[in-house]
Amino acid sequence: RMTMARIANFATGPLAKAPEKRKRDWGVRSKEHMAYLHSLECAVTGMTNDLTVQHIMAGRETYGKKEDDNWTVPLGRTLHLHDYPDSLEKLGERNFWNRHGIDALALARDLWTLRETHGPVIAAGHEIIRAHRMLGQIRVRQGIKVFE
């Protein structure tokens, strides 16, 4: 009697190995960086309370992979809500960042580099976020899109 295993053995041959299970690549993880981002201000509004951390997907080829913690920015929780008209969930990630003119990838890179090189310097983190927000306002006034 032929079983499925024997049929598979005939098809693949006696020397074929079973495929190895791949470990999932979880990428960069940093609890310290997440805590640091929660101590900063919202990248869009500047508020310091009720923050969440947004993993950036726009502009990156990461489909099917869990997002790395080094591509994250602090964002106010209300900007995630579905019923908020300018929310990230309603507009979509690319439209959301274009509306505010913020290059979220550059901001995430700058915050990660700051924390990696100098530690969790909160005042410098605030200054980086404010500089990106001001640059974003200039981009919006001039009609420059961050993400196509």
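Of the residues listed (L105, I128, I129), the one engaging D110 in a side-chain contact (heavy atoms from CB on, under 4.5 Å) is I128, and it is the only one.
Within the 4.5 Å cutoff, the side chain of V146 has no heavy atoms near those of the I102 side chain. Between V53 and H38 there is a side-chain heavy-atom pair separated by less than 4.5 Å. Within the 4.5 Å cutoff, side-chain heavy atoms of W97 are placed close to those of L88. In this structure, the side chains of L75 and F96 come closer than 4.5 Å at one or more pairs of heavy atoms. Looking only at side-chain heavy atoms (C-beta outward), N70 and H33 stay at 4.5 Å or farther from each other.
Here the straight-line distance linking atom CD of E148 with atom CG of N98 works out to 7.0 Å at 0.5 Å rounding. Summarising the geometry, atom CD belonging to E116 is positioned 14.5 Å from atom CZ belonging to R109; distances are rounded to the nearest 0.5 Å. In this structure, the separation between CE on M34 and NE2 on H55 is 4.5 Å, given to the nearest 0.5 Å. Taken from OG in S30 to CG in D69, the straight-line distance is 6.5 Å, to the nearest 0.5 Å. Going from atom CG of N95 over to atom CG of D86 covers 11.0 Å, rounded to the nearest 0.5 Å.
In terms of heavy atoms, D68 sits closest to V28 at OD1-N, 3.2 Å. A pairwise comparison of heavy atoms in G76 and C42 identifies N-SG, 3.1 Å as the closest pair.
In the hydrophobic cluster analysis, where Ile, Leu, Val, Met, Phe, Trp and Tyr join through side-chain heavy atoms closer than 4.5 angstrom, L111 is grouped apart from M47.
In this structure, R115 is positioned above the aromatic face of W112, its NZ or CZ under 6.0 Å from the six-membered ring centre and within 45° of the axis.
A donor-acceptor pair is defined here as one N or O able to donate and one able to accept, closer than 3.5 Å; no such pair exists between the side chain of R133 and the backbone of H100. A donor-acceptor contact shorter than 3.5 Å links the side chain of Y36 to the backbone of V121.
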- Task: List the steps and the verdict of salt bridge (Lys or Arg N to Asp or Glu O under 4.0 Å) for E41 and R130.
- Result: CA-CA 9 Å; E41 63 191 58; R130 289 178 191 139; 3.1 Å; yes
_What verdict does the side chain to side chain contact (heavy atoms under 4.5 Å, CB included) test give for L51 and R77, after you've listed the backbone C-alpha separation in whole Å, the side-chain angles of each residue and the deciding distance to 0.1 Å?_
CA-CA 5 Å; L51 292 180; R77 195 171 303 276; over 6 Å; no
**OP:** Please step through side chain to side chain contact (heavy atoms under 4.5 Å, CB included) for the pair V73 and L37, ending with a clear verdict.
**Re:** CA-CA 7 Å; V73 294; L37 292 179; 5.9 Å; no
Candidate pair Q54 and T72, rule side chain to side chain contact (heavy atoms under 4.5 Å, CB included), full reasoning
CA-CA 5 Å; Q54 173 63 34; T72 52; over 6 Å; no
